[in-house]
Amino acid sequence: MAKKIVVIIRKPPHGTLYPAEGLRAAVAVSTSEATVVTLGDGVYTFLKETDKTLYQRHLDFLKDAEIPIIIDKESLEERGLKSENLIEQVTVKEREEVLKILAEADVTLTF
């Protein structure tokens, strides 16, 4: 039985490699039941205008593999952003739903 693995992206994409490495990890565990969850400054990783050079190929793979990318709505709103600012590949969910996904995970990897 495949384990539920959640990759949590918490750091911004500018000045750090954490989001790129987190997405690379999600690709690596994609044979399991993987989900990417974004909290805090990690929401900047999925803005339409963000330079995705370091991780675009990972995003493409996750899309093709139908690995969900969940954005915490509260984190988005705290930064004055809206779902319209995000790439199409992501789904915005309420904090309670995000916490449920995290609680049901067998493994969490935080970046």
Side-chain angles (χ1 to χ4, degrees):
M1 185 163 122
K3 293 201 179 258
K4 290 184 179 181
I5 300 174
V6 176
V7 176
I8 304 169
I9 310 268
R10 298 185 60 207
K11 305 283 185 180
H14 43 278
T16 177
L17 291 176
Y18 285 104
E21 290 301 318
L23 293 171
R24 189 168 70 114
V27 168
V29 299
S30 64
T31 57
S32 293
E33 190 177 329
T35 303
V36 175
V37 172
T38 304
L39 299 166
D41 287 341
V43 300
Y44 295 117
T45 305
F46 302 100
L47 293 177
K48 289 177 183 174
E49 63 273 354
T50 296
D51 178 10
K52 297 171 202 56
T53 304
L54 293 175
Y55 55 88
Q56 184 61 55
R57 66 176 180 250
H58 304 317
L59 287 174
D60 294 341
F61 179 89
L62 295 173
K63 182 178 181 178
D64 291 343
E66 299 180 359
I67 304 296
I69 299 173
I70 309 298
I71 306 292
D72 174 51
K73 184 177 181 183
E74 191 172 313
S75 295
L76 196 63
E77 290 173 346
E78 286 172 353
R79 284 147 186 84
L81 299 169
K82 298 180 180 180
S83 58
E84 300 87 51
N85 301 116
L86 302 170
I87 61 174
E88 292 180 21
Q89 188 174 341
V90 302
T91 304
V92 177
K93 293 197 178 215
E94 296 289 339
R95 175 71 50 96
E96 302 89 43
E97 294 176 85
V98 172
L99 293 175
K100 184 178 179 192
I101 292 167
L102 295 175
E104 293 174 349
D106 295 311
V107 177
T108 57
L109 305 169
T110 305
F111 292 87

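Being a predicted model, the structure only gives us computed values, none of them experimental. We number each residue from 1, following the sequence as shown.
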Checking the side chain of K48 only, and the main-chain atoms of E84 only, is there a donor and an acceptor separated by less than 3.5 Å?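 Flag set: sc K48 to bb E84 pair under 3.5 Å.
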Is it the case that the side chain of S75 and the backbone of L39 share a donor-acceptor pair, with hydrogens and angles ignored and the cut-off at 3.5 Å?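 Absent.
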Rounded to the nearest 0.5 Å, how far apart are OH of Y18 and OG1 of T110?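 So the OH of Y18 and the OG1 of T110 are separated by 11.0 Å.
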Any chance you could measure F46, atom CZ, to K52, atom NZ, to the nearest 0.5 Å?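 NZ of K52 is found 9.5 Å from CZ of F46.
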Within a radius of less than 6.0 Å around CD of E88, do more than 12 heavy atoms belonging to other residues, nucleotides or ligands occur?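 No.
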Quick one: do [X] and [Y] end up in the same hydrophobic cluster if we chain Ile, Leu, Val, Met, Phe, Trp and Tyr together by side-chain heavy atoms under 4.5 Å apart?
X   : Y    : result
I5  : I70  : no
V37 : F111 : no
V36 : I101 : no
I8  : L109 : no
I87 : L23  : yes

Looking at every non-hydrogen atom in both residues, tell me the closest pair between V6 and A105 and how far apart they are.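 Between these two residues, the closest heavy atoms are CG2-CB, 3.5 Å.
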For A34 and P68, work out which heavy atoms get closest and say how close.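 Residues A34 and P68, closest heavy atoms: O-CD, 3.5 Å.
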Picking from I9, T50, L76, N85, what satisfies side chain to side chain contact (heavy atoms under 4.5 Å, CB included) with V43?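 With V43 as partner, I9, T50, L76, N85 yield a single side chain to side chain contact (heavy atoms under 4.5 Å, CB included), made by L76.
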Considering residues at least two apart in sequence or located in another chain, which fulfil the side-chain hydrogen bond (donor to acceptor under 3.5 Å, both in side chains) criterion with [X]?
X   : answer
K11 : none
D51 : T53
R24 : E21

Listing, residues 54-65 side-chain donor-acceptor contacts under 3.5 Å, not counting sequence neighbours, or none:
unit_1: Y55; atom_1: OH; unit_2: T45; atom_2: O; d: 2.7
unit_1: Q56; atom_1: NE2; unit_2: D60; atom_2: OD1; d: 2.8

With sequence neighbours left out, which residue pairs that include part of residues 30-41 fulfil the side-chain hydrogen bond (donor to acceptor under 3.5 Å, both in side chains) condition?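 For residues 30-41: D41-R79.
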Atom pairs and distances, donor-acceptor, side-chain atoms in residues 91-100, under 3.5 Å, two or more places apart:
unit_1: E94; atom_1: OE2; unit_2: K73; atom_2: NZ; d: 3.2
unit_1: R95; atom_1: NE; unit_2: D72; atom_2: OD1; d: 3.0
unit_1: R95; atom_1: NE; unit_2: D72; atom_2: OD2; d: 3.1
unit_1: R95; atom_1: NH1; unit_2: E74; atom_2: OE2; d: 3.4
unit_1: R95; atom_1: NH2; unit_2: D72; atom_2: OD2; d: 2.5
unit_1: E97; atom_1: OE2; unit_2: E94; atom_2: N; d: 3.3

